[in-house]
Amino acid sequence: MDPVRNPYAPGAGQRPPELAGRDRELRQFEVVLERVARGRPERSMIVTGLRGVGKTVLLNAFRSMAIQRLWGTGKIEARPDQSIRRPVASALHRAVRELAPRHRAPDRIEEFLGVLKAFAQSEPEPPSGKAKARAHRWQPGIDVPASRGRADSGDLEIDLTELFVDAASVATDVGVGIALFVDEMQDVPADDVSALCAACHELSQVGGPLIVVGAGLPHLPAVLSASKSYSERLFRYARIDRLDRESADHALLAPAEREEVTFTEEALDALYGAADGYPYFVQAYAKVVWDVAPDTPITADDIKVAAPEAESELAVGFFGSRYERATPAERDYMRAMAVLGDDPVPTASVADELGRKPSSLSPARDGLIKKGLIYSAERGMVAFTVPHFGKFLRSQPA
């Protein structure tokens, strides 16, 4: 069939042609927006799940919903060992720029931008010469003088709390809210997580119309809880997983039918078996199947022809690229995990499989967690962040 008309879209954070199986989460966020709009107290929201289940897609859908309500929005992607101070400053700068044309007092906007600039420039400078020089030269692109005495102490917890309160005040003036979206939230440094939780806690107490919407791996709730004990009550948590059969079929059929193409029931059976309901895999298999199928309806035979090519693409782009990031010791650790199965495995069992003491494997385990390849499902247990990664490793030559 015509590849130009192919509706399927496997990609990192790329919205699929049909956002299937996420109605519950979308309704939850609609409630959050509506409650904040009415001045009711509401928690910020956290979305968790494995790689490839559509967390970033859902985060972007939430942002679109907020924009439709004329909220100010900003988005950051957290990175390990990088403070969130500057990314948050840039995101809130964008959010307030969206609100500024509707604000009746330009002086209030300039006053906030002065606080924002002071916040952005108050990051403690690193000791090394080059890094210090770069930090000194960096400017947030705000054409007002930096304020003094507000959000500029250098203590991120104090500064972020003051900044959020001031941003929420600007949003209140306009009669809307501000939403800050944080992707890969499990990578926010520990001290910054604590500051973020403290700022959200203050907002929840004063009822400011600013919410933080985070997305991250399954252990993100544990990261937040380790930072502030009250984080369990501070956020509304939504865990997303693979699609059920009905939703997976809808994700395939709805975009195809708009192109006057359909699938046989046997083809849908085969695709669900191959993709296992994971949204990224659904898109990846469907895209290849479309290109190889000669005509509609797409059949189970078309799936058989397409499956090896789809699996080859996944092996290189989805699995292989992650595997290549690991050191030899980390690869040994992951292969031992794969031998033990696809469910979370005890770290002691991994050590037994490798014939090593658990303590000697800590650097490899910690390196894999930092790279986002595995996560600690619970104390003494580890699991892959990527679905079917164990199956991929078992298929590779030793």
Side-chain angles (χ1 to χ4, degrees), residues 43-51 55-56 59 74-92 119-120 122-128 131 135 151-164 180-204 210-237 239 325 330 344 347 358-359 361-383 385:
R43 292 172 291 174
S44 291
M45 192 167 179
I46 300 294
V47 177
T48 64
L50 296 174
R51 305 279 184 202
K55 300 184 299 299
T56 301
L59 206 64
K75 182 182 175 186
I76 71 172
E77 181 177 320
R79 298 179 182 177
D81 304 322
Q82 180 189 58
S83 173
I84 62 170
R85 183 181 288 266
R86 292 178 185 173
V88 165
S90 296
L92 287 183
F119 170 84
S122 296
E123 184 171 4
E125 294 182 351
S128 60
D152 62 352
S153 71
D155 184 315
L156 185 62
E157 186 165 316
I158 295 171
D159 295 350
L160 194 60
T161 298
E162 293 180 346
L163 183 71
F164 276 11
L180 173 65
F181 296 89
V182 184
D183 206 359
E184 302 292 347
M185 195 172 180
Q186 75 283 337
D187 287 337
V188 175
D191 289 345
D192 292 20
V193 170
S194 180
L196 196 57
C197 289
C200 290
H201 192 211
E202 178 67 21
L203 282 171
S204 70
L210 188 155
I211 58 172
V212 173
V213 186
L217 293 171
H219 66 294
L220 175 56
V223 170
L224 296 171
S225 181
S227 170
K228 297 288 188 183
S229 59
Y230 53 72
S231 69
E232 297 169 358
R233 292 160 284 146
L234 191 60
F235 298 100
R236 179 194 292 257
Y237 292 94
R239 173 76 181 265
R325 292 169 54 203
E330 291 166 353
T347 53
S359 58
L361 295 173
S362 293
R365 183 198 64 220
D366 293 346
L368 289 169
I369 290 174
K370 189 173 182 180
K371 290 174 181 176
L373 296 172
I374 68 173
Y375 69 99
S376 180
E378 56 184 89
R379 186 172 179 83
M381 304 285 287
V382 287
T385 62

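- Here Asp187 contributes atom CG and Gln82 contributes atom CD; the two are 10.5 Å apart, rounded to the nearest 0.5 Å.
- With Ser44 as the partner, the side chain to side chain contact (heavy atoms under 4.5 Å, CB included) test is satisfied by one option alone out of Ser231, Cys200, Ser204: Cys200.
- A distance of 7.0 Å separates CG in Leu220 from OH in Tyr237, rounded to the nearest 0.5 Å.
- Of all non-hydrogen atoms in Thr56 and Asp183, the two that sit nearest each other are OG1-OD2, 2.7 Å.
- Interatomic distance, Ile374 CD1 to His219 NE2, rounded to the nearest 0.5 Å: 9.5 Å.
- Under the 4.5 Å side-chain criterion, counting only non-hydrogen atoms from C-beta, Leu224 is in contact with Val193.
- Between Ala215 and Lys55, the shortest heavy-atom contact is CB-CB, 4.2 Å.
- Distance CZ/Arg365 to OG/Ser359: 10.0 Å, rounded to 0.5 Å.
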Item to complete: Dump the intermediate steps for side chain to side chain contact (heavy atoms under 4.5 Å, CB included) on Lys75 and Val182, then the final yes or no.
Response: CA-CA 6 Å; Lys75 182 182 175 186; Val182 184; over 6 Å; no

Worksheet item: Could you go step by step and tell me if Glu330 and Arg325 meet the salt bridge (Lys or Arg N to Asp or Glu O under 4.0 Å) rule?
Response: CA-CA 9 Å; Glu330 291 166 353; Arg325 292 169 54 203; over 6 Å; no

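- Listed here is the closest heavy atom pair of Ile84 and Asp192: N-OD2, 2.8 Å.
- Looking only at atom types and distance, the side chain of Ser225 has a donor-acceptor partner in the side chain of Glu232 under 3.5 Å away.
- A distance-only check finds no donor-acceptor pair linking the side chain of Lys228 to the backbone of Cys197 [under 3.5 Å].
- Ile46 is not listed as a side-chain neighbour of Arg236, based on a closest heavy-atom distance of 4.5 Å or more.
- If you take CZ on Phe119 and CG on Leu160, they are separated by 5.0 Å, rounding to the nearest 0.5 Å.
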Practice prompt. Would you sort out whether Leu196 and Glu157 count as a side chain to side chain contact (heavy atoms under 4.5 Å, CB included), showing the intermediate values?
Written response: CA-CA 7 Å; Leu196 196 57; Glu157 186 165 316; over 6 Å; no

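- Other residues, nucleotides and ligands contribute over 12 non-hydrogen atoms within 6.0 Å of the CZ atom of Arg239.
- The CE atom of Met45 sits 9.0 Å away from atom CD1 of Ile211, with the distance rounded to the nearest 0.5 Å.
- Taking a 6.0 Å sphere around CG of Asp155, one finds it holds more than 12 heavy atoms contributed by other residues, nucleotides or ligands.
- Across all their heavy atoms, Phe164 and Ala199 have their closest contact at CD2-CB, 3.5 Å.
- Annotation for Leu156 and Ser83: closest pair CD2-OG, 4.5 Å, computed over non-hydrogen atoms.
- Distance alone, capped at 3.5 Å, places no donor-acceptor pair between the Glu202 side chain and the Thr161 backbone.
- Side-chain N or O atoms of Thr48 include none that pairs as donor or acceptor with a backbone N or O of Pro218 at under 3.5 Å.
- When every heavy atom of Leu50 is checked against every heavy atom of Tyr375, the shortest pair comes out as CD2-CE2, 3.8 Å.
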Discussion item. If you apply the rule side chain to side chain contact (heavy atoms under 4.5 Å, CB included), what do you find for Arg85 with Asp159, and how did you get there?
Written reply: CA-CA 9 Å; Arg85 183 181 288 266; Asp159 295 350; 3.1 Å; yes

Worksheet entry | side chain to side chain contact (heavy atoms under 4.5 Å, CB included) assessment of Met381 paired with Thr347 | CA-CA 6 Å; Met381 304 285 287; Thr347 53; over 6 Å; no

